[in-house]
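All remarks here apply to the structure that follows.
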Amino acid sequence: MSNAKKIISLLAKAYPEPKLALDYANALELLVAVILSAQCTDARVNEVTRTLFRKYRSARAYAQADPAVFEQEIRSTGFYKNKAKAVIGCCNKLVEQFAGKVPRSVAELTTLPGVGRKTANMVLGNAFGIPGIAVDTHVLRVSNRLGLARGEDAEEVEAQLASQVPPEKWTAFSNAMILHGRHVCAARKPLCSECPLAGECAWPDKERTS
DNA sequence: CTCCCGATAT
DNA sequence: ATATCAGGAG
């Protein structure tokens with residue numbers, strides 16, 4: 001078994017049924033939660049969406065929101081002006097071009113304002129069960145450290161990962177990589193001594209900060 | 001490449 | 001005090 005296959009297998013064992021830490025009940029809620037999650041902890045997003053999801057129950061509801069009010073409602077997630085514009089703009093387009101429903105392809109999703117490949121793949125995989133590898137800062141970092149990919153471009157890394165992981169495992173793989181990046185292979189203080197993948201990891205000791 | 005922005009860890 | 005954090009747009 002190749003090193004990459006071993007790593008992918010160990011990762012799946014370490015994170016059986018990896019699920020997102022974001023709270024959501026449907027594709028629209030997940031889309032909104034992922035947009036709000038940029039540069040923000042999942043815990044804070046959940047705190048905000050707990051009340052937000054009770055008030056806005058459809059794409060139309062967000063589309064009709066007062067921007068100034070909405071900005072304040074999501075303020076604590078940071079980048080609130082951009083995010084408010086993204087969510088409201090997104091939902092306007094959903095209403096006008098997608099019958100108020102969240103589309104099921106990367107191509108369509110990325111036409112929505114504020115939605116890039118990472119957000120699109122996150123929604124596809126977790127809300128629709130359509131295979132997708134969401135490459136965020138964690139997946140980028142962990143992939144490079146493990147030696148599963150090389151490079152800083154998210155789309156290139158996504159392609160490299162896609163060629164090594166069978167499509168039916170893309171979503172679980174990317175969710176596991178995110179969890180691993182958050183809790184073990186952290187940017188600042190990676191817990192290499194507790195890492196189940198340490199034996200197969202390509203990251204040289206000299207580059208470790210702790 | 002820069003800007004957006006608050007919360008949290010260090 | 002300040003560096004960094006579940007990105008995307010201009």
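Order of the sequence lines fixes the chain letters, A, B, ..., with proteins taken first and strands second; residue numbering starts at 1 for each chain. Hydrogens, waters and symmetry mates play no part in the numbers below; they use all other heavy atoms, side chains included.
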Within 6.0 Å of NZ in A/Lys93, more than 12 heavy atoms from elsewhere: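 Atom NZ in A/Lys93 is crowded, with more than 12 foreign heavy atoms closer than 6.0 Å.
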Any chance CD of A/Glu168 has more than 12 other-residue heavy atoms, nucleotides or ligands included, within less than 6.0 Å?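 Buried by this count: over 12 neighbours within 6.0 Å.
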Would you call A/Lys81-A/Glu71 a salt bridge at under 4.0 Å N-O?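 No, this pair does not count.
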Quick one: [X] [atom1] to [N] [atom2], roughly how many Å, whole number?
X	N	atom1	atom2	value
A/Gln39	C/dT2	CD	P	20 Å
A/Asp136	C/dG7	CG	P	6 Å
A/Gln72	B/dG6	CD	C1'	12 Å
A/Arg44	C/dG7	CZ	C1'	19 Å
A/Ile35	B/dG6	CD1	P	19 Å
A/Arg117	C/dA9	CZ	P	13 Å
A/Ile74	B/dC4	CD1	P	16 Å
A/Lys81	C/dA9	NZ	P	19 Å

A/Ser105 and A/Glu108: CA distance, side-chain angles, deciding distance, side-chain hydrogen bond (donor to acceptor under 3.5 Å, both in side chains) verdict: CA-CA 5 Å; A/Ser105 73; A/Glu108 291 175 303; 3.1 Å; yes
Does a side-chain N or O from [X] land closer than 4.0 Å to OP1 or OP2 of [N], or not?
X	N	answer
A/Lys85	C/dG8	no
A/Thr119	C/dG8	yes
A/Arg188	C/dT4	no

So [X], base contact, sugar-phosphate only, or nothing? Heavy-atom distance under 4.0 Å.
X	answer
A/Ala86	nothing
A/Arg75	sugar-phosphate
A/Val45	nothing
A/Thr137	sugar-phosphate

A/Pro113 vs A/Ala33, nearer the 5' end of DNA chain C by closest nucleotide: A/Ala33
Closest-nucleotide ordering on DNA chain C, the 5'-leading residue of A/Leu22 and A/Thr110: A/Leu22
Please state the P separation for the pair C/dA1 and B/dC4 - nearest whole angstrom. 23 Å
Please tell me which of the listed nucleotides, B/dA7, C/dC5, C/dG8, lies nearest to the side chain of A/Asn82? C/dG8
Nearest to side-chain heavy atoms of A/Tyr80, which nucleotide of B/dC5, C/dG8, B/dT8: B/dC5
Would A/Phe79 pass as stacked on B/dC5, i.e. its ring centre under 5.5 Å from the base's six-membered ring centre and planes under 30° apart? no
Does any donor atom in the side chain of A/Glu73 or A/Tyr56 lie under 3.5 Å from an acceptor atom in the other side chain?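 The answer is yes; a qualifying pair exists.
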